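Being a predicted model, the structure only gives us computed values, none of them experimental.
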Amino acid sequence: MVGRAAGSTTAGTKAQLYDAFAAGGKALASGKRLELLDLLAQGERTVDALAKAAGLNLTTASAHLQTLKQAGFVATRREGVRIHYRLAGNDVAQLFALLRKVAEAHQTAVPAARDAYLGEDGAAEVSQEELRARVAAGDVVVLDVRPVEEYRAGHIPGAVSIPVEELADRIGELPEETEIVVYCRGEYCVLAYDAVRLLTDRGRRAIRLNDGMLEWRLAELPVDAGDLP
């Protein structure tokens with residue numbers, strides 16, 4: 001068998017390879033497309049639901065989703081006239097999570113933007129390991145403040161579902177003397193911050209999980225799914 005001579009690879013062939021790599025980077029070069037990946041990391045959704053959650057009109061949302069699909073980051077299934085989108089694989093969720101961490105570590109604008117978005121509530125945080133130990137001991141209530149459809153798609157076992165926009169009216173459903181651990185989509189999700197601020201303003205003891213459902217899934221920890229109890 002005759003081997004390829006050193007240096008015989010053409011520049012054109014190499015360029016095609018790197019252009020193929022770059023296609024993924026181009027698909028990620030939009031804040032709204034990253035937001036759509038963040039939403040899809042919570043579970044499958046229709047185009048309508050994604051557009052509403054991301055604050056986009058249907059045409060714009062569809063265009064962003066098609067770009068992500070062409071790059072191989074999302075997959076679809078049809079149910080009647082509805083198109084459902086999902087992440088193409090767990091590796092896409094890993095890529096999204098890593099992209100955020102690398103950006104925070106190396107781009108000076110990210111920490112300030114993060115703090116301006118999430119705000120400060122002075123709340124303590126617990127790790128996944130600490131939360132699991134406290135759940136086993138039975139001394140905390142775990143509160144999922146994401147939309148109900150995201151809770152149904154997958155949640156921390158034993159978590160109570162009260163979407164953040166309903167929390168003020170339903171706070172009476174939570175025990176008064178037990179500490180509440182709040183979580184939402186991920187480390188950069190504002191819903192948990194808003195919920196902790198509301199709970200502490202109402203005199204409840206509330207802390208946050210230091211990340212969220214995205215990181216919980218990536219750690220391959222137990223996940224329950226299905227209708228509300």
Side-chain angles (χ1 to χ4, degrees), residues 34-46 49-50 52-54 65 68 72-77 79 82 84-101 118 123-167 170 173-175 178-196 199 206-229:
L34 292 180
E35 186 177 353
L36 290 169
L37 289 179
D38 193 13
L39 292 166
L40 288 169
Q42 307 302 309
E44 184 183 73
R45 293 201 186 194
T46 64
L50 287 165
K52 182 178 179 181
L65 289 165
L68 291 170
F73 292 143
V74 300
T76 60
R77 70 175 178 89
E79 185 177 39
R82 292 179 177 269
H84 297 255
Y85 278 83
R86 64 185 185 277
L87 294 187
N90 198 50
D91 51 356
V92 179
Q94 293 171 335
L95 174 63
F96 172 65
L98 180 60
L99 175 63
R100 298 193 310 186
K101 297 304 291 184
L118 298 177
E125 294 184 333
V126 296
S127 67
Q128 295 172 351
E129 183 178 355
E130 291 168 329
L131 177 58
R132 296 185 75 192
R134 294 195 63 181
V135 168
D139 67 350
V140 295
V141 171
V142 182
L143 178 62
D144 186 320
V145 294
R146 299 173 300 155
V148 171
E149 61 267 26
E150 295 181 19
Y151 176 89
R152 287 175 174 149
H155 56 268
I156 295 174
V160 175
S161 172
I162 304 181
V164 67
E165 66 271 14
E166 300 176 14
L167 186 55
R170 296 176 57 189
E173 298 176 23
L174 299 168
T178 306
E179 190 165 58
I180 302 165
V181 178
V182 183
Y183 76 93
C184 54
R185 291 167 178 153
E187 182 179 354
Y188 303 91
C189 177
V190 74
L191 304 181
Y193 284 76
D194 289 344
V196 167
L199 289 165
I207 61 178
R208 282 190 312 276
L209 181 62
N210 64 358
D211 43 39
M213 201 62 214
L214 169 64
E215 294 84 1
W216 187 274
R217 286 182 184 273
L218 291 177
E220 299 184 346
L221 294 173
V223 174
D224 281 350
D227 291 335
L228 303 174

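Annotation: side-chain contact (heavy atoms from CB on, under 4.5 Å) contacts of Thr76 (sequence neighbours excluded): Lys69, Ile83, Tyr85.
In this structure the side chain of His84 never reaches within 4.5 angstrom of the side chain of Arg86, judged on heavy atoms. Using a 4.5 Å heavy-atom threshold, the side chains of Val140 and Ile207 count as separate. Residues Val182 and Leu191 fail the side-chain proximity criterion, which asks for heavy atoms closer than 4.5 Å. Contact of the Val74 side chain with the Leu36 side chain is not registered, since no non-hydrogen atoms from C-beta on lie closer than 4.5 Å. Taking 4.5 Å as the limit, some side-chain heavy atom of Pro147 sits within range of a side-chain heavy atom of Arg185.
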Taking only distance into account, with no hydrogens and no angle test, what donor-acceptor pairs under 3.5 Å do side-chain atoms of residues 156-164 form with protein atoms, sequence neighbours excluded?
none

Donor-acceptor pairs are to be reported for all side-chain atoms of residues 208-223 against protein atoms at under 3.5 Å, with residues two or more places apart or in another chain.
residue, atom, partner, partner atom, Å
Arg208, NE, Glu125, OE2, 3.4
Arg208, NH1, Asp121, OD1, 2.8
Arg208, NH1, Asp121, OD2, 2.4
Arg208, NH2, Glu125, OE2, 2.9
Asp211, OD2, Gln128, NE2, 3.3
Glu215, OE1, Gly212, N, 2.9
Glu215, OE2, Arg100, NH2, 3.2
Glu215, OE2, Glu187, N, 3.2
Trp216, NE1, Pro222, O, 2.7
Arg217, NH2, Ala153, O, 3.2

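Taking every heavy atom of both residues into account, Gly72 and Ala88 meet most closely at O-CB, 3.2 Å. Contact detail for Ala206 and Ala123: the closest heavy-atom pair is O-CB, 4.2 Å.
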field: side-chain contact (heavy atoms from CB on, under 4.5 Å) assessment of Leu40 paired with Phe73
entry: CA-CA 10 Å; Leu40 288 169; Phe73 292 143; over 6 Å; no
- request: For the pair Leu167 and Leu143, evaluate side-chain contact (heavy atoms from CB on, under 4.5 Å) and give the outcome as yes or no after the intermediate values.
  value: CA-CA 10 Å; Leu167 186 55; Leu143 178 62; 4.1 Å; yes
task: Tell me, with the steps shown, if Val196 and Ile180 meet side-chain contact (heavy atoms from CB on, under 4.5 Å).
output: CA-CA 9 Å; Val196 167; Ile180 302 165; over 6 Å; no
message: Quick one, Leu34 with Leu99, criterion side-chain contact (heavy atoms from CB on, under 4.5 Å). Give me CA distance, side-chain angles, the key distance, then yes/no.
response: CA-CA 10 Å; Leu34 292 180; Leu99 175 63; 3.7 Å; yes
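Considering CG of Leu39 and CZ of Arg146, their distance stands at 11.0 Å, rounded to 0.5 Å. Atom CG of Leu199 is separated from atom CG of Asp194 by 11.0 Å, given to the nearest 0.5 angstrom. Of the inter-residue distances, the one linking Tyr151 atom OH with Gln42 atom CD reads 14.0 Å to the nearest 0.5 angstrom. Atoms OG1 and CZ, on Thr46 and Arg77 in that order, are 10.0 Å from each other to the nearest 0.5 Å.
More than 12 heavy atoms of other residues, nucleotides or ligands sit less than 6.0 Å from atom CZ of Arg170.
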